[in-house]
Novice: 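Next up is a structure, given as structure tokens.
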Amino acid sequence: MRIALFVTCLNDALFPRVGIATVTVLERLGHTVTFPAGQSCCGQLHANTGYPGPARALEQSTEAAFAGHDVVVSPSGSCVAHLRAHTRLPVYELSELLVDVLAVTDVGARFPYRVTYHPTCHGLRMLRLGDRPLRLLGAVRDLELLGLPEPEQCCGFGGTFALKNAAVSGAMLADKCAHAVATGADYLAAADSSCLAHIGGGLARRPGAPRPVHYAEILAATGAGAVG
Amino acid sequence: MSTRHPPPGRQLPIVAVTPFPRAAAGALRDAQLRANLGRATRTIREKRAAVVAEVPDWEQLRDRAARVKDDVLDRLPELVDRFTRAATAAGATVHHATDAAAANAVVTDLVRAQGVDRVVKVKSMATQEIGLNEALAAAGVTAVETDLAELIVQLADDTPSHILVPAIHYNRGQIRELFARRMPGFHADSDDPAVLAGAARDYLRRTFLAARVAICGANFAVAETGSLVVVESEGNGRMCLTLPDTLIAVVGVEKLLPRFVDLGDFLRLLPRSSTGERMNPYTSIFTGVTPGDGPRRLHVVLLDNGRRRVAADPVGRAALRCIRCSACLNVCPVYERVGGHAYGSVYPGPIGAILSPQLTGQDAGHNATLPYASTLCGACYDVCPVKIDIPAILVHLRQTGPKPAAERAAMAWLGWTMRDRRRWRAALRAARSGGRPLRVLGRRHGGRLRRAPWPLSAWTTHRDAPLPAEESFRDWWHRTHDS
């Protein structure tokens, strides 16, 4: 299948390894990935911060960049939710594409670590990803999945909320990090690099805490090497 | 009267006098508050989830209730008129108040006409919204709150911090101490909830028996029959609704329902969403006056106070579907950590963040900071019994509200850069080379930045910051796939 990748602005600039992992998984499964170069940002940041004009322009430029593509995939729950609400693009979050469209849960990955999974708010409540990411992780060889306490609680990122309401965001982050540490996992996985940048930045200050990782990176792994 | 804002010094209790971020940061420092709130909200949201899961047609109930409320908002003038005629025919007197000052004036005059200096009150958000107790006090009338939690708040000279459980920020030890100081005749040395409730019961019973005027709100007002419906848990409300000669109800116009049969769905939705009960303990439905039974005079004050203006906003109007159940407060991760006072309004939490700024206009006080008091996590929308898409309205209010000039410029520049592939690629390369010295600094911290200057210090105060990658994704793609 020909699949167009919407890598997201954040992954493009800060976390290219998440885009690379997405390409790796899909190519390993025998699919052809394309990367339309006209893409940048879906407009979510502007829309949610209160700037409908620039948001609309970015939604339109994203729609134009992917015109004519039948299947678009993105490793970001919140960007997919935004594009689905504001464009007509046939866009899937990675776990939706793998489980629903390509009908695979075992992508041939091996990851010999203990992993806990945080279901990010957009994936949980807007896309209703349900257990798709967990089914994918459950099929990874040698991976031990550990339950996260109060998984459905928001991590406190919320885009510019993290700056505008820094104190509340920090308090929510502290609770999320404490829950992650309590699992004793090696890695905390999630479906959104933005939430992971926030949670990971908090975990980095806590000794013995799990390392943040996008679940696509786990799906791309085949050896014993650490990721993230 | 047509003024929207009260005179200076008497700010409406739905106007935030402090920006939310500052008020919230203050509340976060109160460890006792956080412990009280965390315990209370966790208990109530687990109870709610359990009883909602029992109802197989919950989603259909929500859909129907939302439709009924939207229909009410579509034809407010017609339903106000129908209610007025039906209630009047049943022996009530209906008043129409455009704003808080007008409503307070009507009620104050009615109380004065009875020649009393003390009234009893049923818990009511509408009277909280207009600051009725303060207006009555200015006229020399003492209003005694009879809902136990409202009484606690009143005795403490405090303000409510939750719609349903206004004293949620107190624990029992604090309440015993408060009763000992402020409740006439209190002399128990136990903080057993049953003992505290018993003391309040003794105190309130004396008050009920002496009261000649009661003031209430209404959860629903049926246009077809002119009936009012008061939903409560303690029975204190029913004492107020039945004992005094004169009853004055202050009711927001959005509380109207077209037909009596519409009540059924709402009486199933409300208790499960609010208290986590299957059925509400005391539901009082009354229509006009009945000789020899209950009050001899019933006055209904239908309150607008910005509602018709909100109803004209195609996105924001859904906030008026609210039936004040508080489910959104109990699941909100922001509310759970900062409590109700941080919102600067008697309407706190997610619903308050969309209701207060709409009722007052975003130019009132610091109400424009309220739509940002959310991560848009969506937990509130999931539990709302009338399906108010609170995150969508928060975003709508952010898009229509005032914004700082520097942020406006930065967001415009970012949008301009991102919507052109050449500019975006140049920006990525600039970030990469600009990030090079930072990456050297960040080596000690796993490739992350521990301390950044203002304004990014807002980020690094609480967490390390990620740094631009040495090679952007598109450069990697170009190198590996474009040849």
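Numbers restart at 1 for each chain; the letters A, B, ... are given by sequence-line order, proteins then strands.
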Novice: Quick check: closest heavy atoms across B:Arg450 and A:Arg205, and the distance to 0.1 Å?
Specialist: O-NH2, 2.9 Å

Novice: Quick one: of A:Gly38, A:Ala47, A:Gly43, A:Ala174, who has the most non-hydrogen atom pairs under 4.5 Å with chain B?
Specialist: A:Ala47

Novice: Under 4.5 Å heavy-atom distance to chain B, tell me which part of A:Glu59 shows up: side chain, backbone, both or neither.
Specialist: neither

Novice: To the nearest 0.5 Å, how far apart are CG in A:Leu203 and CZ in B:Arg463?
Specialist: 12.0 Å

Novice: Name the region of B:Thr460, side chain, backbone, both or neither, that has any atom closer than 4.5 Å to a heavy atom of chain A.
Specialist: both

Novice: Could you have a look at A:Gly158, A:Cys154, A:Ala37, A:Gly19 and say which one has the most heavy-atom pairs with chain B under 4.5 angstrom?
Specialist: A:Ala37

Novice: How about A:Val23 and B:Phe473: do any of their side-chain heavy atoms sit closer than 4.5 Å?
Specialist: yes

Novice: Which heavy-atom pair separates A:Gln153 from B:Pro333 by the least distance, and what is that distance?
Specialist: OE1-CB, 4.0 Å

Novice: What I'd like to find out is whether the side chain of B:Leu414 reaches to under 4.5 Å of the side chain of A:Leu45, using heavy atoms alone.
Specialist: yes

Novice: Taking B:Gln399, B:Glu336, B:Arg421 one by one, which has the highest count of heavy-atom pairs under 4.5 Å against chain A?
Specialist: B:Gln399

Novice: With a 4.5 angstrom heavy-atom cut-off, is it the side chain or the backbone of B:Arg29 that approaches chain A, or both, or neither?
Specialist: neither

Novice: Could you tell me if the side chain of B:Arg474 sits less than 4.5 Å from the side chain of A:Gln39, heavy atoms only?
Specialist: yes

Novice: Which word best sums up how the rings of B:Trp459 and A:Phe157 line up, parallel for under 30°, tilted for 30 to 60°, or perpendicular for over 60°?
Specialist: perpendicular

Novice: Quick check for you: to the nearest 0.5 Å, what is the distance between A:Asn48 atom CG and B:Leu376 atom CG?
Specialist: 5.0 Å

Novice: Please classify the contact between A:Thr120 and chain B as side chain, backbone, both or neither, with a heavy-atom cut-off of under 4.5 Å.
Specialist: neither

Novice: If you compare all heavy atoms of A:Ala204 against all heavy atoms of B:Asp464, which two are closest, and at what distance to 0.1 Å?
Specialist: CB-OD2, 3.4 Å

Novice: Any non-hydrogen side-chain atom of B:Trp477 less than 4.5 Å from a side-chain atom of A:Val33?
Specialist: yes

Novice: Quick check: are there more than 12 heavy atoms from other residues, nucleotides or ligands sitting under 6.0 Å from CZ of B:Arg451?
Specialist: no

Novice: Take a 6.0 Å sphere around CD of B:Glu407 and say whether it holds more than 12 heavy atoms from other residues, nucleotides or ligands.
Specialist: yes

Novice: Is any side-chain heavy atom of B:Met418 less than 4.5 Å from a side-chain heavy atom of A:Cys9?
Specialist: yes

Novice: Under 4.5 Å from any heavy atom of chain B, what part of A:Val7 do you find: side chain, backbone, both or neither?
Specialist: side chain

Novice: State whether the side chain of B:His462 and the backbone N or O of A:Gly202 hold a donor-acceptor pair below 3.5 Å, judged by distance alone.
Specialist: no

Novice: How many angstroms lie between OG in B:Ser457 and CG in A:Leu163, if you round to the nearest 0.5 Å?
Specialist: 9.5 Å

Novice: A:Thr160, A:Leu124, A:Thr62, A:Asp175: which one forms the most heavy-atom pairs within less than 4.5 Å of chain B?
Specialist: A:Asp175

Novice: Taking side chain as C-beta onward, heavy atoms only, is B:Thr375 less than 4.5 Å from A:Phe161?
Specialist: yes

Novice: Which pair of non-hydrogen atoms, one from A:Leu14 and one from B:Pro466, has the smallest distance, and what is that distance?
Specialist: CD1-CG, 3.9 Å

Novice: Any idea which of A:Ser61, A:Ala13, A:Pro52 has the most non-hydrogen atom pairs under 4.5 angstrom with chain B?
Specialist: A:Pro52

Novice: Would you mind telling me which of B:Ala379, B:Pro391, B:Ala431 has the largest number of heavy-atom pairs within less than 4.5 Å of chain A?
Specialist: B:Ala379

Novice: Please classify the contact between A:Leu173 and chain B as side chain, backbone, both or neither, with a heavy-atom cut-off of under 4.5 Å.
Specialist: side chain

Novice: What part of B:Ala465 gets closer than 4.5 Å to chain A, counting heavy atoms only: side chain, backbone, both or neither?
Specialist: neither

Novice: Give, for atom NE2 of B:His481 and atom CG of A:Leu5, the distance between the pair rounded to the nearest 0.5 Å.
Specialist: 9.5 Å

Novice: Do you know which of B:Arg34, B:Arg22, B:Arg425 has the most heavy-atom pairs with chain A at a distance under 4.5 angstrom?
Specialist: B:Arg34

Novice: State, without any angle test, whether B:Arg423 and A:Ser40 hold a side-chain donor-acceptor pair at a distance under 3.5 Å.
Specialist: no

Novice: Quick one: what part of B:Val338 sits under 4.5 Å from any heavy atom of chain A, side chain, backbone, both or neither?
Specialist: side chain

Novice: Under 4.5 Å, counting heavy-atom pairs only, tell me which of A:Asn11, A:Ile199, A:Thr34, A:Val168 racks up the most with chain B.
Specialist: A:Val168

Novice: Heavy atoms only: give me the nearest B:Leu28-A:Ala171 pair and the separation to one decimal.
Specialist: CD2-CB, 3.7 Å

Novice: For the candidates A:Cys121, A:Ala57, A:Pro54, which exhibits the highest count of non-hydrogen atom pairs separated by less than 4.5 Å from chain B?
Specialist: A:Cys121

Novice: Against chain A, work out which of B:Arg337, B:Arg408, B:Glu470 has the most heavy-atom pairs shorter than 4.5 Å and name it.
Specialist: B:Arg337

Novice: Is there a donor-acceptor pair under 3.5 Å between the side chain of B:Lys403 and the backbone N or O of A:Gly50?
Specialist: yes

Novice: Using a 4.5 Å cut-off on heavy atoms from C-beta on, say whether the side chain of B:Phe20 contacts that of A:Lys164.
Specialist: no

